[in-house]
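A note on names: the letters A, B, ... follow the listed sequences, proteins ahead of strands, and every chain is numbered from 1.
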Amino acid sequence: MKNIYLDHAATTSVKPEVLETMLPYFTEKYGNASSIYSLGRENKKAIDDAREKVAKALNAQPKEIFFTSGGTEADNWALEGIAFANQTKGKHIITTNIEHHAILHTCKFLEKQGFEVTYVPVDNKGIVHVEDIEKAIRPDTILISIMFANNEIGTIQPIKEIGVLAKEKGIYFHTDAVQAIGNIPIDVKDMNIDMLSLSGHKFYGPKGVGVLYIRDGVRISPMLHGGAQERGKRASTENVAGIVGLGKAIELATENIEEYNTKLMKIRDRAIRKILEKIPYSRLNGEEKNRLPGNVNISFEFIEGESILLMLDMKGICASSGSACTSGSLDPSHVLLAIGLPHEIAHGSLRLTFGEENTDSDLDYLLETLPPIIEKLRAMSPLYDTFIKNGRI
Amino acid sequence: MDHFMNPRNVGEIPDADGIGQVGNPVCGDIMKMYLKIKDNVITDVKFKTFGCGAAVATSSMATELIMGKTLEEALEISNKTVAEALNGLPPIKMHCSNLAEQAIKAAIDDYKKKNESSK
């Protein structure tokens with residue numbers, strides 16, 4: 001059976017050349033990077049090389065790169081670290097209502113600790129307006145955290161403009177760039193970014209390793225307490241293989257970014273055009289052009305997302321949805337609700353995220369497979385029934 | 001899984017004796033059940049479902065379980081019976097099987113009300 005992977009925003013496979021750089025660190029190069037003998041020192045060097053590669057990809061300095069266990073840890077650290085280190089200055093944080101749960105749930109935690117959080121709403125395309133952020137700023141605001149690009153609907157935020165505003169107001173600015181790295185060129189200096197989170201497995205690197213970029217001079221508490229690793233800010237024996245793999249992966253991802261983007265955008269735009277053309281009562285979520293190059297998110301009225309995913313899976317297609325059942329709760333995606341979709345339409349959404357190995361013929365297969373699935377589910381939907389008979393639900 | 005991919009008894013009965021609809025689109029599950037009843041026995045049953053895979057499978061299984069049963073027997077079918085017939089459902093999906101039980105009850109109630117008013 002076919003196996004077509006259209007869920008690159010969830011994770012990606014490790015590139016063979018990335019894996020190759022990692023393998024020696026599981027066996028012969030097993031030394032602890034803090035050890036004094038050469039088996040350790042060489043690993044310290046390998047970590048520093050990876051740090052340089054990450055710094056180069058972001059236009060940062062190597063000493064501003066801190067390795068973590070992934071994007072979630074980087075997000076938790078940025079928020080909690082700034083909150084705890086700067087609470088004498090203020091206890092107010094600004095974010096949006098479409099952030100990843102790694103941000104939103106950390107904000108909820110901080111609210112319990114006595115911090116206040118403003119969740120600035122986005123417009124119906126999923127874009128946050130700089131004026132709205134400016135209005136939310138208070139004298140006690142210590143941090144603005146806005147995601148670079150949304151994981152569900154792919155919309156790209158005006159990060160540079162927000163960076164200018166934060167700098168002007170003297171407020172720290174963090175961006176969760178987990179989905180953006182390898183898809184959008186990022187320059188932390190030019191964009192006035194003080195902190196940035198990223199995760200290795202979203203750009204053909206390994207899972208279990210990420211980065212928090214912290215601009216030199218930012219006042220932040222350590223994430224993990226213990227040894228002197230990561231300049232005393234993030235203790236724990238380094239995941240050398242993971243760090244080396246992330247370094248290689250980010251180097252490859254940023255070096256081919258334009259070519260990669262052009263290819264993905266071509267597939268994406270054709271996917272959007274054809275799906276909307278072939279399937280009635282469907283709509284695109286997010287902006288048409290200002291979105292991640294591989295992201296398609298479409299709602300199909302009258303049906304439920306998980307059923308679509310299960311049927312696509314039977315045909316060998318891996319995709320994702322904003323449906324309640326996939327997330328383990330009964331609520332549909334907070335992002336789709338935030339852009340104003342009614343509950344029943346938010347339930348019927350499909351996210352396709354294209355990547356490196358996808359071809360035009362993968363898309364052809366999807367375009368053959370998807371319409372009959374939607375038709376079959378609509379045929380058994382009482383909502384569609386009512387709509388056809390009464391012209392409304 | 002088979003009951004999801006090839007659900008039995010999907011559709012509607014135009015001259016149904018009892019129709020029950022439960023759930024709402026906000027939670028992402030709606031189940032509509034149509035019953036044909038003769039001499040207190042369910043002679044035909046069809047359903048339509050808007051919902052996740054488990055909702056479709058439980059609807060399908062529930063229609064198989066009540067076909068040919070008396071109304072009393074049908075009312076005894078619980079969400080557990082349906083889930084067991086499907087060889088178990090994950091805990092998060094148990095609410096989907098509640099829907100099947102409620103849809104049967106609603107359809108039988110509807111039938112009883114119609115019958116009383118026609119007497």
As an exercise, state the distance from CE of M5(B) to NZ of K376(A), rounded to the nearest 0.5 Å. 5.0 Å
Between the NE2 atom in H343(A) and the CG atom in N24(B), the distance rounded to the nearest 0.5 Å is 9.0 Å
Closest heavy-atom pair and its distance - [X], [Y]:
X	Y	result
F50(B)	E304(A)	CE1-N, 3.8 Å
C52(B)	E306(A)	CB-OE1, 2.9 Å
I30(B)	P382(A)	CG2-CG, 3.7 Å

Segment of A54(B) engaging chain A (4.5 angstrom heavy-atom cut-off): backbone
Taking atom [atom1] of [X] as the centre, report whether more than 12 heavy atoms of other residues, nucleotides or ligands fall under 6.0 Å from it.
X	atom1	value
K274(A)	NZ	no
E111(A)	CD	yes
K36(B)	NZ	yes
K389(A)	NZ	yes
E357(A)	CD	yes

At a heavy-atom separation under 4.5 Å, does M314(A) approach chain B through its side chain, its backbone, both, or neither? side chain
Note, S381(A) side chain near K48(B) side chain (heavy atom, < 4.5 Å): no
Heavy-atom side-chain proximity of V56(B) to S307(A) below 4.5 angstrom: yes
Interface residue of largest heavy-atom contact number with chain B, from I345(A), I308(A), D385(A), under 4.5 Å: D385(A)
